[in-house]
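Each ligand, and each atom within it, is numbered from 1 in the order the structure gives. Because only heavy atoms are used, hydrogens play no part in the values below, and waters and symmetry mates are left out as well, while side chains stay in.
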Amino acid sequence: MFTFKKCILPAAALLLLCSCQQSSTKNGQNKPMETAQMPNSDNFKATVNGKQVQLYTISNGQMKAAITNSGGRLVSLFVPDSSGKMVDVVLGYNHLKDYETYTKNGSYFGALIGRYGNRIAKGKFTLDGKTYSLPINNAPNSLHGGPKGFSTQVWDVVKTSPNSIELHYLSKDGEEGYPGNLNVNVTYTLTNDHALQIAYKATTDKATVLNLTNHSYFNLNGDGGTVNNHKLQLNASRFTPVDSTLIPTGKLEPVAGTPFDFTKPEIIGSRIDAKNQQLMYGKGYDHNFVLDTKVKGEHLAATVWGDKSGIEMQVYTDQPGIQFYGGNFMEGGDKGKSGSPYEKRTALCLETQHFPDSPNQPQFPTTTLKPGETFNSVTSYKFVMNK
Ligand code: BGC
């Protein structure tokens with residue numbers, strides 16, 4: 001028997017479905033179409049060391065991000081490409097457990113890094129006459145705060161709003177060999193001017209060393225494919241060359257006339273195979289660039305262009321350096337959010353920072369934080385839209 005419910009409702013549903021599909025074919029003219037999916041938040045629900053882990057989503061209307069308090073990681077960052085299609089521009093996994101499984105490739109994907117980003121030579125430094133020993137996790141050096149650095153810790157969620165999330169971590173005196181109880185607050189905000197802003201704040205009760213950063217792996221074309229054809233510009237006329245263990249030699253050398261000159265936009269892969277000892281040591285780009293800072297506060301440090309997506313990302317920071325790591329040690333073997341493996345150079349990192357090994361290099365800007373002082377720093381990954 002004919003009924004309104006049986007006939008009209010399915011027809012209406014079909015009409016609705018068609019109109020959605022149509023709006024996605026008119027890509028760019030209507031609302032941005034989303035291709036990749038946000039990871040399922042159920043895959044991130046867990047209790048780790050007695051603390052609740054979850055996936056949080058924030059949005060500013062045009063961009064969306066997913067952040068988990070496990071390692072304070074940025075799991076996804078969706079931005080519209082030049083045709084309005086939503087592209088997830090950071091590497092990561094669909095399940096919390098994958099971050100633990102794929103430690104070789106993925107252990108730092110999107111994570112907050114501390115207490116000291118990058119390397120400290122031989123895991124030793126002296127502060128106020130006392131020598132501290134850190135665990136060696138990147139022989140012969142200590143890397144990214146040690147094997148139990150901030151990227152492996154569950155952060156407390158202090159506050160959330162539709163476009164921001166504030167995390168907190170108390171790194172106890174002696175943790176991973178570092179002195180002082182260090183309270184760190186990090187706030188991720190999707191701002192109205194199309195930026196993912198990361199604001200860091202830290203205080204300590206004993207003198208310590210500190211170098212905080214975020215270790216997102218960007219591929220502006222989305223998931224898969226190398227970043228060798230991305231273009232990069234760095235606001236840096238000098239870099240800190242390294243020894244064979246990737247510890248700075250202490251010199252600040254001009255980039256002019258070398259494959260490290262990104263003062264004008266350059267295709268990342270165009271000089272990567274040049275005969276150059278620094279490139280040999282890093283197996284490609286894995287170096288700290290000294291930012292040409294003319295103003296106090298946040299300034300433009302880097303710009304990257306995705307060759308296929310047309311996405312342009314600008315990095316602003318108040319830090320003195322930026323580590324350009326070209327994904328040379330990525331090995332595949334893992335499966336990322338879209339199911340494709342993360343092979344060598346399928347992402348790049350632009351880690352805003354103080355220079356590596358600063359605690360052992362007095363001529364570098366200091367990384368010492370003393371009781372009574374507050375460390376404050378802001379880095380923004382800003383996307384140029386509506387070109
Ligand atoms: C370092 C690389 C290291 C990578 C790990 C970068 O900050 O400079 O040498 O392999 O982090 O993800």
Side-chain angles (χ1 to χ4, degrees), residues 71-75 90-93 98-123 134-152 198 210-219 227 232 234 236 239-249 260 268 272 278-290 301-302 315 317 319-334 336 341-358 361 364 367 379 381:
R73 286 173 198 277
L74 177 66
V75 173
V90 293
L91 270 48
Y93 302 111
D98 290 345
Y99 286 93
E100 288 148 25
T101 310
Y102 298 127
T103 45
K104 178 73 186 159
N105 254 0
S107 49
Y108 301 116
F109 277 4
L112 294 174
I113 304 293
R115 199 174 287 202
Y116 200 95
N118 215 283
R119 293 173 177 80
I120 294 186
K122 303 198 168 61
L134 314 171
I136 306 298
N137 57 340
N138 187 252
N141 305 314
S142 184
L143 176 68
H144 293 331
K148 292 188 188 135
F150 294 2
S151 57
T152 69
I198 311 177
L210 180 71
N211 193 18
L212 300 175
T213 193
N214 172 279
H215 209 310
S216 285
Y217 282 63
F218 292 96
N219 183 321
V227 291
L232 173 69
L234 293 172
F239 76 121
T240 51
V242 288
D243 68 14
S244 61
T245 73
L246 301 184
I247 293 294
T249 60
F260 291 83
I268 289 174
I272 210 162
Q278 285 300 312
L279 286 175
M280 275 166 60
Y281 285 157
K283 304 210 166 19
Y285 295 105
D286 190 2
H287 293 78
N288 171 64
F289 287 74
V290 180
V315 186
T317 189
Q319 292 293 284
I322 195 163
Q323 185 81 13
F324 166 37
Y325 168 57
N328 313 312
F329 301 115
M330 299 173 74
E331 289 182 335
D334 54 350
Y342 291 141
E343 308 277 2
K344 186 173 175 178
R345 297 186 185 143
T346 52
L348 62 96
C349 303
L350 288 165
E351 302 148 64
T352 56
Q353 62 180 8
H354 272 254
F355 306 167
D357 198 36
S358 295
Q361 312 241 11
F364 287 172
T367 50
T379 289
Y381 296 93

Aromatic contact, Tyr108 with Tyr217 (centres under 6.0 Å)
no
Would you mind running through ligand 1 and noting each atom that sits below 4.0 Å from a heavy atom of Asp286?
1 (C), 2 (C), 8 (O), 9 (O)
Heavy-atom distance to atom 7 (O) of ligand 1: which of Met330, Glu351, Gln323 wins?
Glu351
Counting from 1 in the order shown, the ligand 1 atoms closer than 4.0 Å to a non-hydrogen atom of Arg119 are 1 (C), 2 (C), 8 (O), 9 (O)
Asn118, portion touching ligand 1 at heavy-atom distance under 4.0 Å:
side chain
Would you say Ser151's side chain and Gly71's backbone share a donor-acceptor pair under 3.5 angstrom?
no
Just to be sure I read this right, does ligand 1 sit under 4.0 Å from the backbone of Tyr217, its side chain, both, or neither, counting only heavy atoms?
side chain
With atoms numbered from 1 as shown, which atoms in ligand 1 lie under 4.0 angstrom from a non-hydrogen atom of His215?
4 (C), 5 (C), 6 (C), 7 (O), 11 (O), 12 (O)
In chain order, what residues pass the side-chain hydrogen bond (donor to acceptor under 3.5 Å, both in side chains) check against Thr249, with sequence neighbours excluded?
none
Going by the order shown, which atoms of ligand 1 are within less than 4.0 Å of some heavy atom of Phe329?
9 (O), 10 (O)
Are Tyr342 and Phe109 close enough that their ring centers fall under 6.0 Å?
yes
Atoms in ligand 1 flagged as close to His144, the criterion being non-hydrogen separation under 4.0 Å
6 (C), 7 (O), 11 (O)
Decide whether Asp334 and Tyr93 meet the rule of one side-chain donor and one side-chain acceptor closer than 3.5 Å.
yes
Distance alone, cut at 3.5 Å: any donor-acceptor contact between the side chains of Thr379 and Thr352?
yes
